[in-house]
Amino acid sequence: MITPEPTEPQPSPPRKGPLSFLSGALTSALLAWVCLGLSQRVVGWYSLHPPHYSKAFAQSIGTAMKTLVVGMSFLATFTFAFVALGLFLVFIRSLLPVGESEAS
């Protein structure tokens with residue numbers, strides 16, 4: 001009968017530090033700023049170039065595509081912005097000392 005050899009416990013990965021949270025927040029904020037500029041340019045372009053089609057069905061599809069493109073660009077903007085805000089709050093929290101609750 002073969003007995004299995006005991007395996008050594010795997011070391012846990014190192015915990016993320018405040019610098020990791022800060023760099024993630026800054027990266028996400030930069031991407032939010034870039035997406036905001038893109039969103040503003042998309043809105044400006046669609047304001048200057050509205051879709052003009054002779055058929056009502058084509059006009060409806062053009063308007064739907066315009067709404068979809070503008071909505072997706074602003075969705076990306078606010079997604080990156082909220083991720084940046086959340087990571088910045090985690091960064092602030094990681095700098096605070098860990099409070100141990102007293103059992104009374």
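Not measured: the values here are computed from a predicted model. Along the sequence shown, residues carry numbers from 1.
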From [X] [atom1] over to [Y] [atom2], what is the distance, rounded to the nearest 0.5 angstrom?
| X | Y | atom1 | atom2 | result |
| --- | --- | --- | --- | --- |
| T79 | L31 | OG1 | CG | 11.5 Å |
| F88 | L26 | CZ | CG | 8.5 Å |
| L22 | I92 | CG | CD1 | 8.5 Å |
| F80 | C35 | CZ | SG | 5.0 Å |
| S73 | R41 | OG | CZ | 13.0 Å |
| Q40 | T77 | CD | OG1 | 8.5 Å |

I'd like to know if the side chain of [X] reaches the main chain of [Y], judged simply by a donor and an acceptor atom lying under 3.5 Å from each other, with no hydrogens or angles considered.
| X | Y | result |
| --- | --- | --- |
| S23 | S20 | yes |
| Q59 | P51 | yes |
| S60 | A56 | no |

Do [X] and [Y] sit in the same hydrophobic cluster, where Ile, Leu, Val, Met, Phe, Trp and Tyr count as joined when their side-chain heavy atoms come under 4.5 Å apart?
| X | Y | answer |
| --- | --- | --- |
| V70 | I61 | no |
| L89 | L96 | no |
| L75 | L38 | no |
| V90 | L95 | yes |

Check your understanding: Looking only at heavy atoms, which two atoms of A29 and A84 are closest? And how far apart?
Key ->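 Answer, listing the atom of A29 first, then A84: N-CB, 3.6 Å.
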Exercise for review: Only counting residues at least two apart or in another chain, list the ones meeting side chain to side chain contact (heavy atoms under 4.5 Å, CB included) with S94.
Suggested key: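 Side chain to side chain contact (heavy atoms under 4.5 Å, CB included) list for S94, sorted by chain: P18, F21, F91.
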Point to revise | Test side chain to side chain contact (heavy atoms under 4.5 Å, CB included) applied to V83 - qualifying residues, sequence neighbours left out | key: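 Applying side chain to side chain contact (heavy atoms under 4.5 Å, CB included) to V83 gives S28, L87.
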Practice item. Could you name each residue pair satisfying ring pair (Phe, Tyr, Trp, His ring centres under 6.0 Å) that touches residues 24-68, not counting sequence neighbours? Key: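 Those involving residues 24-68 are W45-H49.
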